[in-house]
Structure formats: structure tokens, C-alpha cells
Amino acid sequence: MTQVEKLLKYQETDEKLLKLERDLGNSNERKNYVQAKSFLTKAPEKLDALEAKAVELAALVSELNKKYAEIAETLSDFDHIDEMVDGGADISFYKKNVTQISDRLKSIKAEVSSLTKAIKDADEEYQQMKKKTIDMQKQYSESTEAYKKLKESLQIEALAVKKELDALKKNIEPEVMKKYEIKRSERIFPILCAENGGRCSKCGSELSLAGKEKVSSGSVVECDNCHRMLYKGV
């Protein structure tokens, strides 16, 4: 059996291991586990932020209410406007002041109303987030157990495949095996492919003249485009 044939046999077996890895990675058990874990990792920070926002908004409302009371109190200066007018005071001046104060009070009242609504919304969001956190804690517990069982089940199969790979590896040149493992870690698969008419059978890129000569002589070359290992096709 040639080195290419041995490597193809190794790759065929390695594909079984890759399938097990993909089955685990794409499983609903893992997706649910990752989703719950990610949510719970961010939840405390989100809850703290919502609580801090509500406290800040409440402080603003308190400050505005205080300001409202102070400005409203200035209106008492105009309680005796009739007497001031009778005394010859310029009523237009006082009317202007009263209008400005009233407008400012309306503006503050609108701000308070808007902030009060924002506080209510923040509280509702906080309560919803808290409820979802509790639900996610349950999902995390259940999905962790389900993911663990699936992982253990697939690991039993994976160990059997790895033993087979270890046996096959002994018959492959170390340098060739090293290149294969590097490409495997880069998630390139299949790694070893036949050339087809001087081109890579996977990406279609044409080999250089030197590459064509090497392949023709029985050597394995690397595709300049997809970096797969190419051998002479039939």
C-alpha cells in the first residue's frame, strides 16, 4: 500500500471522527446549553444596569419635583397682583413673568411624566429579565445534563475511532502526518484530494508547472488556493 493509499485510509477513518465532532457541535443539546450559559453570564450585568437606570431616573424625578415646588412657590409673589396694579404697577411685566413661570412648570411636569413612564418601563423590563433568568437557570440545568450525556455517548464512539487512527498513523511518514494534522486543525476537509487534469478537484485551481510535474511523478503537492494536499488522479 502506497503512502497516498495509507493516507486516504486514514482520512476515511478520520471522517468518522469529524462527523462525531460535528454531530456534537450542531446538536440541539449543545445549542440549548450554549444559549442558556451565554444568557446567564450576561444576566447579572443586565439586571444591575436596569436597576441602576431605575434608581437614576427616580433621582431625576425627585429633583424635578423639588424644582417644580420651588418654581410654583414663586407664583405666590403674584397673589396680590390686583393691589400692585391698583398701585400703578405695569401689568404687562407681571403677566409676562407669570406666563414664563407657568410654561416652565408645564415643561417640568411633562419631563416628570416622561421620566415616570421610563421608570415604569425599566421596572417592567427588569421583572421580565428576572423571570427569563429564572427560566434560563432551569434550561441551563436541564441542557447541561442532556449535553453531558450526549457528549459522553459520542466520546465512547470517538475513542474507538481514535484508536483506529493511532494504528493507521504508524504506517504514515511523520512529515506527511504532521502536514495533515495541521490542516485538520485549520478545519480543512477533505484534506487529501485527487488532482483532475492538472487542477484541484475541490476548488478547481490550476497547478503550477512544477506542481503538475510533482503530481505526475507520484508526489503529493499542496493546492495554492485551498491548501489541500493533492495526489495524481486516475
Side-chain angles (χ1 to χ4, degrees), residues 1-47 129-196 199-205 215 218-234:
M1 188 181 287
T2 66
Q3 278 294 299
V4 168
E5 289 172 331
K6 290 174 182 178
L7 196 56
L8 282 171
K9 176 61 178 174
Y10 183 92
Q11 179 171 263
E12 182 184 336
T13 304
D14 193 19
E15 190 172 5
K16 297 176 186 176
L17 183 61
L18 182 63
K19 183 180 183 302
L20 291 172
E21 292 171 356
R22 286 174 175 167
D23 286 347
L24 180 63
N26 296 329
S27 66
N28 288 328
E29 288 87 346
R30 184 179 183 279
K31 288 176 184 176
N32 292 336
Y33 165 75
V34 171
Q35 180 189 40
K37 184 178 180 181
S38 177
F39 181 90
L40 292 175
T41 299
K42 299 172 184 176
E45 184 179 348
K46 179 70 174 175
L47 287 168
M129 183 71 179
K130 197 171 180 180
K131 182 180 181 300
K132 191 171 182 181
T133 299
I134 294 170
D135 291 340
M136 277 296 180
Q137 286 172 337
K138 182 181 178 183
Q139 178 179 315
Y140 179 72
S141 177
E142 293 174 349
S143 61
T144 298
E145 186 61 28
Y147 178 54
K148 181 182 176 183
K149 285 182 179 179
L150 177 63
K151 193 173 182 179
E152 288 174 349
S153 172
L154 294 178
Q155 278 179 338
I156 293 172
E157 295 181 57
L159 283 172
V161 175
K162 285 178 180 178
K163 284 183 180 179
E164 192 177 346
L165 287 172
D166 287 340
L168 292 170
K169 187 186 294 187
K170 294 174 182 177
N171 300 317
I172 300 172
E173 293 176 8
E175 281 302 312
V176 174
M177 195 69 247
K178 184 178 179 181
K179 287 181 180 179
Y180 180 96
E181 289 175 340
I182 289 173
K183 294 182 185 303
R184 175 70 154 81
S185 68
E186 294 171 351
R187 313 303 291 176
I188 295 174
F189 208 89
I191 297 164
L192 184 65
C193 306
E195 59 81 36
N196 185 7
R199 292 179 178 276
C200 173
S201 59
K202 279 297 173 183
C203 71
S205 295
V215 166
S219 298
V220 174
V221 298
E222 184 176 307
C223 173
D224 291 332
N225 181 53
C226 68
H227 306 295
R228 285 180 167 84
M229 298 166 71
L230 306 176
Y231 65 93
K232 184 174 176 57
V234 179

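Side-chain atoms are counted along with the backbone in the values below, which use heavy atoms only and exclude waters and symmetry mates.
Taking all atoms of both residues into account, the shortest heavy-atom contact from Cys193 to Lys202 is SG-CG, 3.5 Å. When every heavy atom of Arg199 is checked against every heavy atom of Gly204, the shortest pair comes out as NH1-O, 2.9 Å. For the pair Lys6 and Ile172, the tightest heavy-atom approach, listed with the atom from each and the gap, is O-CD1, 3.9 Å. Summarising the geometry of Ala194 relative to Leu230, their closest heavy-atom pair is O-CD2, 4.5 Å, with the distance given to 0.1 Å. Residue Val176 comes nearest to Met229 through the heavy atom pair CG1-CE, 4.0 Å, listed as atom of the first residue, atom of the second, then distance.
Sorted by first then second residue, the ring-ring contact (aromatic ring centres under 6.0 Å, His included) pairs that include residues 5-25, not counting sequence neighbours, are Tyr10-Tyr180. Screening residues 25-36 for side-chain hydrogen bond (donor to acceptor under 3.5 Å, both in side chains), with sequence neighbours left out, gives Gln35-Gln139. Within the structure, the ring-ring contact (aromatic ring centres under 6.0 Å, His included) test picks out no pair touching residues 151-171 (sequence neighbours left out). Residue pairs that meet the side-chain hydrogen bond (donor to acceptor under 3.5 Å, both in side chains) test with at least one member in residues 181-191, sequence neighbours left out, are Asp14-Arg184, Glu21-Arg184, Lys169-Glu181, Lys183-Glu222. Annotation: salt bridge (charged side-chain N to carboxylate O under 4.0 Å, His left out) contacts involving residues 133-157, sequence neighbours excluded, comprise Lys131-Asp135.
At distances below 3.5 Å, not a single donor-acceptor pair connects side-chain atoms of Arg228 with backbone N or O atoms of Ile188. Checked by atom type and distance alone, the side chain of Glu164 never pairs as donor or acceptor with a backbone atom of Thr13 at under 3.5 Å. Although no hydrogens or angles enter the test, the distance criterion places no donor-acceptor pair under 3.5 Å between the side chain of Gln11 and the main chain of Pro190.
Within a 6.0 Å radius of CD in Gln155, other residues, nucleotides and ligands contribute more than 12 heavy atoms.
With rounding to the nearest 0.5 Å, the separation of CG in Asp224 from SG in Cys203 is 9.0 Å. The distance from the CG atom of Leu192 to the CG atom of Leu7 is 5.0 Å, given to the nearest 0.5 Å. Atom NZ in Lys132 sits 12.0 Å away from atom CG in Leu47 (nearest 0.5 Å). Rounded to the nearest 0.5 Å, atoms CG (Leu17) and CZ (Arg22) are 11.0 Å apart. Atoms NZ and CD1, from Lys179 and Ile191 in turn, are 13.0 Å apart once rounded to the nearest 0.5 Å. For the atom pair Asn171 CG and Lys9 NZ, the distance stands at 12.0 Å (nearest 0.5 Å).
Every side chain to side chain donor-acceptor pair (under 3.5 Å) that Lys19 has, sequence neighbours left out, goes to Asp23.
Residues Phe39 and Met129 are in side-chain contact: their nearest non-hydrogen atoms beyond the backbone lie under 4.5 Å apart.
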